[in-house]
Colleague: 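Here it is: the structure, laid out below.
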Amino acid sequence: MTKANWLFLTLLLAAAPVTRGASTITVSVAHPGVPVSSHLYGIFLEEINHAVDGGIYAELVRNRAFNEGGANLTYWNAVGGAALSSDPSQHYGKLTRSLKMQTSGGSRAGVSNGGFWGMKLNHGTTYTATVWAKAADGFQGPLNLTLESADGTVLAQATIDGVSADWRKYVRLLTVNNPQGSTADNSVVLTTTSPGTVWLQLVSLFPPTWKARANGLRIDIADALAALRPTTMRFPGGSFVQGWDLVYSPWRWKTTLGELTDRPGHPGLWGYFSSDGMGLHDYLQMAEDLGVESILCVYSGKSTGTDIVPEGSFDAVVQDALDAIEYANGDPKTTVWGAQRAADGHYPPFHLKYVEFGNEDGLSDPLKTYTAYRLPMFLAAIRPRYPDIQVISSVGGLPATMRPDLIDDHLYATTSNMLQSARTYDSRDRSGPQYLVGEYAALDFGNSAEPQRKNTLGGAIGEAGFMTGLERNSDLIWSALYAPLLVNDANQAWTPDLIWFNAGQVVLTPNYYVQRLFSTQIGDVALPATLADAAGLYASATLETAARTVYLKVVNNNADPRSVTIALDGAAGLSDVAAEAVLTSGDRSDQNTFAAPAAVTPALVMFSDVSPSFSHTFPGNSVTVLTLTGVTTALAPRSAFGRIEAESYDTAASLAVAPCSENGLDIVSTVPGSSATYESVDFGVGAIAMQARAMSDGGSAIEIRLDSADGKLAGTCLVPKTAAWTTSSCPVSGVSGVHDVYLMFTESLRLNWVQFLAAPVFAAANVTNGASFRRGIVPGSIATIFGVGLSSVNGIARAGLPLPRQLAGTTVTVNGIAAPLFAVANVNGAEQINLQVPFEIAGQATAQIVVTSGGVASQPVQVDVWPAQPGVFTSDGFTGAILHGTTYAAVTAANPVAKGEVVLIYATGLGDVSNPPATGATADAARTVVPAEVTIGGTPALVSYSGLAPGFAGLYQLNVTVPADAPSGVASVVVTARGAFSELVGIALR
Ligand code: AHR
């Protein structure tokens, strides 16, 4: 929140007249609605608007392989009189033409490239340049590789020697050592002062990338996406997959793999050439790094026009799609494309689960070929081969016989139509497949002076209103994705877009903030929200069960503020203080721009006096999320031994209910056969006893019968008739899950309370793994289980004791394999167990975590398993994280390491996931670690030992001899394991 925003909001709330006051939003906390899809909010990355090339794909050189624009050498400029031409006779890999550079010598001459509408270089940052070159006989070299500012100041430089008659790849690290470099107006320049002929095949320059991936992503844009905490990612189109014809323009994933010199690129749909540097592998890797489910949109044999592959030739289209799935998931040892994936640097499968067949195939398909043969042929081929893949149809309204798993629905509408669409799914048929809302956006047309489609607050309000309907209907809506995601300011093929950027800056739109407010503040179950006298207001509520938090989203599409009574029906235990995040601005046409990027951003404020019925004011033109904590329902058990108080009962005349001085309510049954109802009683893994506290007027014992609506629950409790309140215990068996319970009074009885003694409850909703549990676990990593009900685990109950004794009697298994336990704790009432995920589960798609205490096992919790990634290597800082020699003194600039000395490098994730070590195994170099290659200052270094670091779970150690010919100063250390590069780490060398 900017200071200005905060001030604006404060003034707005304090001073603005509230024009109406009778609106009510009633949230039914006691009667939760549908479960919220755990994949509700995702992203859709399409190569449109230079979203990828010149966008999130971090390559800084435009037309790096000289294949864009035919023979024109577009975006390349001659320097110092060099003669440049495009040469189709000299080429390397799958590229078809190179740049021929002829110089006469004596003075500097060569080529330069200014990037995609600029090239941002940062002072102090190291860039990785790759140059493929060869020379005609007689060229003496060298080539000078420089990074230069607009006025010709050299910001960084390197030399390429020994260019010969054979194509060779030269990699150079260039560190910008001039503050003038922190601009976006720079170039990469290759020159020579020697006479001769040089051919260049590929000239590439990468900044440090997101998650330090080779061929990776621009950090500021990827960070903005990660901050949305998306759960799915659809790619790479959209129409981009289809192309405008059947030959040149469709996305052919097989030509997007491997070395960059093996990617010829293709003319993309959206008016510019696609380098395909971001290929299928790279999209899958990005999804994995974001921790989201990939939704791979495969080619379905149709252009965006009317060109369609005929039925007789359609087998090839189907096979190509199946091959793509094999590439993502196939066994590297037994499948062709699985082996290719492993060779490309990802040995374990990507665990692709969702494939969309085509994009908007219902458009311009008059003969209905999608339902006539294209989708049926695909379904017939994929179902037997990949029964677990969820198939998404790009067309809805299919014949009943054709049953994909999901339907992709797209919605681009004016703001007012978007708001009306908030009700679209309320009445949608539930008997068919679920929906992916694969593209949606409000097309807000700004004002009359600026009638273009804009990313305005007004549009964002329209989307927020629509999204309240998605949450309310998230039994039907599996996932929803704003579109398009990204736009380079210089190439606005389609507006509006979620994130704008140029070479150096990222602008987050009001629409982005709506996505972020919604996706980061959402529970696991929808709570019905009813609005009364609420014209222009839209609302949805969800409950995050484990956190006992209600997120209430309220959209005020009125220009004036609205005072609303918020009734939380059935809520108890509410914290008095709550948070509200509010997105608003002075005018609904307000936007964020490069000059004023934070004009419309959410403000976060706290407010008090929250109660089950309270009044709150929502500013005009606003989107608000209220976070209400501490919520319990009157009926929900508060712990494994929670009391269920008789606050919900039928109102039969035969029952009288009165407050009871001793405890809770006093139900008096006067007529035998009357009943009381307890709603939504959660028995967890099974109640083991029922206790009732009762009193009656004498006579013999009487019976309380338990019956569940589904007839599965059976239990009786014999309650002795006693003059004083007496507690009776009765076993109840065969019960689990949530039931309504009916108590049958067979005789007149005063009943004070009933409780069910349950086995320790570790329901899935109550067990989370810190921030990332939704995204699964990684073999070897430390996972944290938080939960309620864990306090009944024997070990945790003794939290003051030494660790082994605290943990006595508690075990955690992951897929039946005992996991080492590290710590127990009680953090603000949330109990916690830390465990190490066993290495042995590597290769599994999912794992089940079970906590056992005193012989009672929790409900299994199903989680995704993420492969341990090679080469994930981090340090604490630029230097100092690398320890060396026998003294283990940190290597720092003041204490540089000597050449020939052995340094110890610690890393995580270097485990060989195809041959994992036993959990807790001691160091075993041969068996446990992918042979890692290490370079120091670009020079290969001898690895004398690699294995598990003794005494550290999940931590690997490499002993590396510093090469004698490594340059002195600060040198970069790079660990490569199975083709994946580590993050760069600096090391000081003598
Ligand atoms: O999101 C922009 C385009 O809109 C997509 O490429 C296409 O699927 C839709 O028509």
Side-chain angles (χ1 to χ4, degrees), residues 41-53 55-56 225 228 230 232-245 249-253 266-274 278 283 295-308 354-365 370 374-375 392-396 406-414 417-418 421 435-445 452-455 459-460 462-463 466 479-489 491-501 509 511-512 515:
Y41 295 119
I43 55 175
F44 165 46
L45 177 53
E46 172 169 23
E47 176 55 300
I48 181 174
N49 303 321
H50 274 278
V52 176
D53 280 351
I56 194 168
L225 297 184
L228 289 170
T232 60
M233 181 171 95
R234 178 175 179 246
F235 59 81
S239 309
F240 176 75
V241 173
Q242 302 173 276
W244 71 76
D245 68 352
S249 56
W251 184 65
R252 308 277 186 204
W253 65 270
H266 77 285
L269 175 85
W270 292 103
Y272 58 91
F273 188 82
S274 168
M278 183 91 183
Y283 282 106
I295 303 170
L296 173 61
C297 186
V298 293
Y299 180 62
S300 64
K302 179 184 177 301
S303 71
T304 50
T306 49
D307 294 328
I308 296 173
Y354 299 90
V355 172
E356 178 166 5
F357 194 60
N359 175 65
E360 298 185 345
D361 284 82
L363 301 180
S364 47
D365 182 12
Y370 194 69
R374 290 190 291 135
L375 183 62
I392 304 171
S393 165
S394 77
V395 174
L406 289 147
I407 304 284
D408 185 2
D409 228 7
H410 292 180
L411 178 66
Y412 295 99
T414 59
N417 284 343
M418 205 78 200
S421 302
Y435 284 89
L436 161 70
V437 183
E439 299 179 24
Y440 69 94
L443 307 179
D444 197 86
F445 285 84
Q452 309 95 309
R453 285 157 31 168
K454 294 282 185 183
N455 279 97
E463 287 144 16
F466 174 66
S479 194
L481 327 171
Y482 181 98
L485 185 63
L486 301 173
V487 61
N488 187 317
D489 189 38
N491 184 256
Q492 301 174 27
W494 180 295
T495 59
D497 305 280
L498 202 63
I499 298 173
W500 291 61
F501 59 86
T509 60
N511 318 68
Y512 171 90
Q515 291 292 317

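One-based numbering, in listed order, for ligands and for the atoms of each. This is a predicted model, so every value here is computed, not measured.
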Colleague: For atom 8 (O) of ligand 1, what is the nearest protein heavy atom, given as residue, atom name and distance?
Modeller: E439 OE2, 2.7 Å
Colleague: Within ligand 1, which atoms have a heavy atom of E360 less than 4.0 Å away?
Modeller: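 Once the distances to E360 are compared, the set is 7 (C), 8 (O), 9 (C), 10 (O).
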Colleague: Kindly say whether the aromatic ring centers of F240 and H266 come within a distance under 6.0 Å.
Modeller: yes
Colleague: What protein heavy atom sits nearest atom 1 (O) of ligand 1, and how far off is it?
Modeller: Y412 OH, 2.7 Å
Colleague: Ignoring angles and geometry beyond distance, decide whether S239 reaches within less than 3.5 Å of ligand 1 through its nitrogen or oxygen atoms.
Modeller: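 Checking ligand 1 against S239, an N or O pair does fall under 3.5 Å apart.
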Colleague: Going by the angle between their ring planes, with limits at 30° and 60°, are Y440 and Y482 parallel, tilted or perpendicular?
Modeller: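 Perpendicular.
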Colleague: Just let me know how F240 lines up against ligand 1, side chain, backbone, both or neither, with a heavy-atom cut-off below 4.0 Å.
Modeller: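 None of F240 does.
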Colleague: Should the pair F235 and Y283 be assigned to parallel (<30°), tilted (30 to 60°) or perpendicular (>60°) ring geometry?
Modeller: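 Correct class here is parallel.
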Colleague: Looking at D361 and R374, is there a salt bridge between them, counting it only when a charged N and a carboxylate O are closer than 4.0 Å?
Modeller: yes
Colleague: Below 4.0 angstrom from a heavy atom of W270, which ligand 1 atoms are there? Numbered from 1 as shown, please.
Modeller: 6 (O)
Colleague: Which of the numbered atoms in ligand 1 are under 4.0 angstrom from any heavy atom belonging to G238?
Modeller: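 This gives 6 (O), 8 (O) as the contact atoms.
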Colleague: Using a strict cut-off of 4.0 Å, indicate which atoms of ligand 1 neighbour a heavy atom of N359.
Modeller: 7 (C), 8 (O)
Colleague: Compare all side-chain heavy atoms of S394 with those of E356 and state whether any distance is below 4.5 angstrom.
Modeller: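 Yes, at least one pair of side-chain atoms sits under 4.5 Å.
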Colleague: Determine, using heavy atoms of G237 and all atoms of ligand 1, whether some pair is separated by less than 4.0 Å.
Modeller: no
Colleague: Report the C-alpha distance between D497 and T509 in whole Å, list the side-chain angles of each, state the deciding distance to 0.1 Å, and finish with yes or no for side chain to side chain contact (heavy atoms under 4.5 Å, CB included).
Modeller: CA-CA 8 Å; D497 305 280; T509 60; over 6 Å; no
Colleague: Distance under 4.0 Å to a non-hydrogen atom of E46: what atoms of ligand 1 satisfy this?
Modeller: 1 (O), 2 (C), 5 (C), 6 (O)
Colleague: Just wondering, do R234 and S479 contact through their side chains at under 4.5 Å, heavy atoms?
Modeller: no
